[in-house]
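This report concerns only the one structure given below.
A quick note: this is a predicted structure, and the numbers were derived from the prediction, not measured.
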Number of protein chains: 2
Amino acid sequence: MRAQKEETLKEDTLAVRISRTLAERIIAGEIEPGTRLRQDHIAGEFGASHVPVREAFRRLEAQGLAVSEPRKGVRVASFELSEVREVAEMRAALEVLALRHAAPHLTHAVLDEAEEATKAGDASRDVRSWEAANRRFHRLILEPCGMPRLLASIDDLHAASARFLFAAWRSDWEARTDHDHRAILAALRKGDTEAACATLARHVQWIGHRPVSAAGGRQRKAFAIVG
Amino acid sequence: MRAQKEETLKEDTLAVRISRTLAERIIAGEIEPGTRLRQDHIAGEFGASHVPVREAFRRLEAQGLAVSEPRKGVRVASFELSEVREVAEMRAALEVLALRHAAPHLTHAVLDEAEEATKAGDASRDVRSWEAANRRFHRLILEPCGMPRLLASIDDLHAASARFLFAAWRSDWEARTDHDHRAILAALRKGDTEAACATLARHVQWIGHRPVSAAGGRQRKAFAIVG
DNA sequence: AAATCACGAATTATCTATAATTATGAAGGA
DNA sequence: TCCTTCATAATTATAGATAATTCGTGATTT
């Protein structure tokens, strides 16, 4: 997720491609939290050896999508409400910082593109495309800050957010219109950076509550960042 | 640096030990920024194979201490003034967030320990021990926030900060007394979290300017975070 | 003559295959 | 029931093979 292209370029190393594929699966919720990732099996599936798989694991670990214990292997990172909140608050802090630096460099073209992304989000009929549009919006208004390390951290946090989002809204999903996104854009157009930052901070920390049908038919409470 | 113990436990995997050693060298400035890290050489030095070395590289990459290009190997991360500032601002944003959550859980014992760390910093006669004391101070007042992901990110940023610090003050060093640390502690003792956060934010962003004698005898400008 | 390009050797990164060390789980005995 | 012992599986590390990149050398062109 750190420098994502949609297609898997063959220029990338095998380890990178494997880690990207696994990251997608974890984020999409295809692999349950806590599941052991066995390098031999994964190596077999990708028709590769287990060395690149191990490197992919280190990558996932750095992203916070997997945790590894020294000689006991790696598992898909579990997440609880406390972790959802943690990610949300870190995103709020870092995205506000990024926006403050990006604001002076925001052009009309970028803001228009961001508005397009918002519309695309409103028009989307499934969670995945909504999440993609949402991510595009945030990226667009933050990228001009020109702080690569900060943007990389935010990307990782977005991946974690998306994981929570998909976990909560996997089965049922209703389209939402993004008032916050529009408010942020309006403030930015007026040159009111502080108002934009304040809205962004609140927006990211918005936590949705929804009952979700878990595997097994019974209902369980689920939570997700929705910003 | 993510879960650092001073001694290299043999419980850790080889890759972890190698990455720790390399991280220390990079932070201490023993390896110049931009230097290529050749896996065969490093493997030879550690009497190991190149596979654990590769894993160590992925670790360093995640910490921001090294950068790797697909089939061209990995180099020690370079740093410029812009990156120093970036790290400082990220630290300010994240440490303030951590302190805000830690404040309600701060005990007298912890604050006293933090004061001890400050005194140790004042008394230290070299940069390394000052940095260690400084890091201890920050860790002590932030750890009670109970947000592991946040603390891990802050640790990585501290490592980067230390790198800048050592680069600037490697040759000459004069002891400094930390008024800011005391101000933060005083505010926390009074229960004034906001004042503590404000001071912390300013404190971390303090950027020092100092001429430093570079290799080759000639002077060059150097910068460092000093908080 | 200087610069550019092409080619080839050497170095280096990447991956596969295999071995050894360590954890896990089951069976047997106190 | 609990502990020990042995068997199996999985992680970790090594050694060897392949493919890519870099760098030096020489030829060609401006």
Would you mind reading off the distance between A/I18 atom CD1 and C/dC15 atom C1', rounded to a whole angstrom? 10 Å
Quick check against the 3.5 Å criterion: does A/T13 have a side-chain atom that pairs as donor or acceptor with the backbone of A/V16? no
Using a 4.0 Å heavy-atom cut-off, write out nucleotides 6-15 of chain D from 5' to 3' as B (base contacted by protein), S (sugar-phosphate only) or - (no contact). ----SBBBBB
My understanding is that only residues two or more places apart in sequence, or in another chain, count here; which of them pass salt bridge (charged side-chain N to carboxylate O under 4.0 Å, His left out) with A/E30? none
Hits for side-chain contact (heavy atoms from CB on, under 4.5 Å) against B/V51, two or more places apart or cross-chain, chain-then-number order -> A/V51, B/S49, B/E55
By side-chain contact (heavy atoms from CB on, under 4.5 Å) - contacts of A/R128 (at least two apart): A/A28, A/D126, A/F166
Per-pair distances, 0.1 Å, donor-acceptor, side chain in residues 78-86 of chain A, under 3.5 Å, sequence neighbours excluded:
from	atom 1	to	atom 2	distance (Å)
A/E83	OE2	A/E80	N	3.4
A/E86	OE2	B/R149	N	2.7
A/E86	OE2	B/L150	N	2.8

For A/H181, what residues pass the ring pair (Phe, Tyr, Trp, His ring centres under 6.0 Å) criterion, not counting sequence neighbours? A/F137, A/H138, A/H203
Which pairs with one or both residues in residues 26-59 of chain B pass ring pair (Phe, Tyr, Trp, His ring centres under 6.0 Å), sequence neighbours excluded? none
May I have all residue pairs that pass salt bridge (Lys or Arg N to Asp or Glu O under 4.0 Å) and include part of residues 93-105 of chain A, sequence neighbours excluded? A/R91-A/E95, A/R100-A/E194
Tell me the bend of the helix from C/dA1-D/dT30 to C/dA30-D/dT1 as the angle between end helix axes, each from five pairs, rounded to the nearest 10 degrees. 30°
